[in-house]
Amino acid sequence: MNVEAMSHAIHRVENFEIVGPYTLALRFEDGTRQCIDFRPVLEGKLFSPLQDSQVFNAVVLDQDAGTLVWPNGADFDPATLYDWPKIRDQFVAMARGWAHGSSTTDRTG
């Protein structure tokens, strides 16, 4: 078994800042930065509570997992956040399904 073929990058959020309504600026362990507007994906049972700006702004950095978490247990895989520009449209499409009660998609990214 080739270990190199099995390896993939593991990303961790090191820091974040609230820069606008439902928008966070993230910095990852390798210095990469992403600015993410989460509004289009705040749908479904897990993420719709984050439409309340007070709940959204209660986000914290989970140092152990290296990702963002909210008081209701919502979080995003750090790899999803890292790759946001590449996967944003797909994630928004999934969120539209959550808004219509679809339960067949993974809601944590």
Side-chain angles (χ1 to χ4, degrees):
M1 188 177 290
N2 184 343
V3 175
E4 286 181 35
M6 291 177 36
S7 67
H8 62 282
I10 307 258
H11 298 289
R12 297 179 57 81
V13 177
E14 282 197 342
N15 196 352
F16 77 93
E17 180 180 355
I18 299 169
V19 295
Y22 309 101
T23 304
L24 303 177
L26 312 178
R27 183 173 46 83
F28 294 86
E29 82 293 339
D30 66 355
T32 298
R33 297 178 184 270
Q34 298 291 2
C35 188
I36 301 174
D37 178 355
F38 287 90
R39 279 179 286 207
V41 298
L42 300 182
E43 299 290 351
K45 184 178 178 182
L46 186 60
F47 294 116
S48 66
L50 305 184
Q51 292 175 10
D52 177 330
S53 62
Q54 288 185 333
V55 175
F56 183 87
N57 290 342
V59 63
V60 296
L61 179 62
D62 180 326
Q63 296 288 339
D64 293 331
T67 197
L68 307 173
V69 294
W70 282 266
N72 71 335
D75 67 352
F76 289 88
D77 181 332
T80 297
L81 299 172
Y82 190 90
D83 291 334
W84 195 259
K86 296 177 197 170
I87 58 93
R88 180 194 176 280
D89 293 342
Q90 178 185 359
F91 211 89
V92 169
M94 287 190 324
R96 286 188 193 120
W98 305 336
H100 295 96
S102 170
S103 61
T104 60
T105 56
D106 177 11
R107 296 180 180 177
T108 60

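In this structure, P78 and A65 approach most closely via the heavy-atom pair CG-O, 3.8 Å. Taking all atoms of both residues into account, the shortest heavy-atom contact from A74 to N72 is N-OD1, 3.1 Å. Contact detail for S53 and Y22: the closest heavy-atom pair is N-OH, 3.4 Å. Closest of all the heavy-atom pairs between F28 and V13 is CE2-CG2, 3.6 Å. Smallest separation of non-hydrogen atoms from L26 and F16: CD2-CB, 3.6 Å.
A tilted orientation is assigned to the rings of F91 and W84, their planes being inclined by 30° to 60°. Under the 30°/60° scheme for interplanar angles, the aromatic rings of F38 and F76 are found to be tilted.
In terms of modelled atom types and a separation under 3.5 Å, the side chain of E17 and the main chain of A25 share no donor-acceptor contact. Checked by atom type and distance alone, the side chain of R96 never pairs as donor or acceptor with a backbone atom of P40 at under 3.5 Å. D83 contributes no side-chain N or O that, together with a main-chain N or O of K86, makes up a donor-acceptor pair within less than 3.5 Å. For the pair T23 (side chain) and P21 (backbone), a donor-acceptor distance under 3.5 Å is present.
When hydrophobic side chains of Ile, Leu, Val, Met, Phe, Trp and Tyr are connected at separations under 4.5 Å, V60 ends up clustered with V69.
The salt bridge (Lys or Arg N to Asp or Glu O under 4.0 Å) search around E14 returns R27, not counting sequence neighbours.
Here the side chains of T80 and T67 are not in contact, with every heavy-atom distance at 4.5 Å or above. Using a 4.5 Å cut-off on side-chain heavy atoms (C-beta onward), D62 and D75 make no contact.
If you chain together hydrophobic residues whose side chains sit under 4.5 Å apart, V92 and I36 fall into the same group. Side-chain heavy atoms closer than 4.5 Å link hydrophobic residues (I, L, V, M, F, W, Y) into clusters, and following such links, possibly through other members, connects I18 to L81.
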**Stepwise side-chain contact (heavy atoms from CB on, under 4.5 Å) test for L68 and L24** = CA-CA 10 Å; L68 307 173; L24 303 177; 3.5 Å; yes
**Asked** Step by step, would you call L50 with V55 a side-chain contact (heavy atoms from CB on, under 4.5 Å)?
**Response** CA-CA 5 Å; L50 305 184; V55 175; 3.6 Å; yes
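Rounding to the nearest 0.5 angstrom, the gap separating the CZ atom in R39 from the CZ atom in F56 is 9.5 Å. Interatomic distance, Q34 CD to H11 NE2, rounded to the nearest 0.5 Å: 10.0 Å.
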